[in-house]
Amino acid sequence: MEFVFQCGWCDGDNFFVGRQVGFWVDKWEVPSEWDCRFCDGLNYTPDPPWEEA
């Protein structure tokens with residue numbers, strides 16, 4: 001499943017493909033911190049629920 005996160009620095013949309021964790025249908029793993037693809041600013045993934053892309 002793909003999720004979208006907004007950069008806290010430039011408000012750019014960043015997309016990540018979540019990896020399903022175990023056999024749970026509603027549990028996904030995404031990076032806990034990431035660099036924005038537009039401004040290269042360091043961001044932290046918010047707590048779920050996340051917005052699907």
Side-chain angles (χ1 to χ4, degrees):
M1 182 173 291
E2 192 172 73
F3 299 98
V4 62
F5 299 107
Q6 269 195 325
C7 175
W9 302 100
C10 72
D11 291 329
D13 289 337
N14 292 266
F15 298 89
F16 294 96
V17 175
R19 188 174 65 86
Q20 193 171 6
V21 179
F23 64 91
W24 301 104
V25 177
D26 61 346
K27 301 286 183 184
W28 300 92
E29 183 178 89
V30 294
S32 59
E33 52 182 50
W34 43 275
D35 294 321
C36 177
R37 65 184 180 130
F38 300 106
C39 71
D40 206 32
L42 179 63
N43 290 273
Y44 298 96
T45 302
D47 292 332
W50 301 316
E51 182 181 335
E52 293 181 31

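Everything numeric in this text was worked out from a predicted model, so none of it was measured.
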message: Check the orientation of Trp28 and Phe3. Use parallel for under 30°, tilted for 30 to 60°, and perpendicular for over 60°.
response: perpendicular
message: Return the CD to CD distance between Glu52 and Glu2, rounded to the nearest 0.5 Å.
response: 10.0 Å
query: Where the side chain of Trp50 meets the backbone of Val4, is there a donor-acceptor pair that is under 3.5 Å apart?
result: no
- request: Please report the closest heavy-atom contact between Cys7 and Cys10, naming both atoms and the distance.
  value: SG-N, 3.4 Å
field: Within one Ile-Leu-Val-Met-Phe-Trp-Tyr cluster: Phe38 and Leu42, side-chain cutoff 4.5 Å
entry: no
- request: Over all heavy atoms of both residues, which pair between Asn14 and Arg37 is shortest? Give the atoms and the distance, please.
  value: OD1-N, 3.0 Å
- request: Decide yes or no on side-chain contact (heavy atoms from CB on, under 4.5 Å) for Asn43 and Glu33, but give the supporting numbers first.
  value: CA-CA 6 Å; Asn43 290 273; Glu33 52 182 50; over 6 Å; no
- prompt: Does Met1 share a hydrophobic cluster with Val30, counting links as ILVMFWY side-chain heavy atoms below 4.5 Å and allowing steps through other members?
  reply: yes
query: Do the side chains of Trp34 and Trp9 join up, straight or via other hydrophobic residues, at under 4.5 Å, putting them in one cluster?
result: no
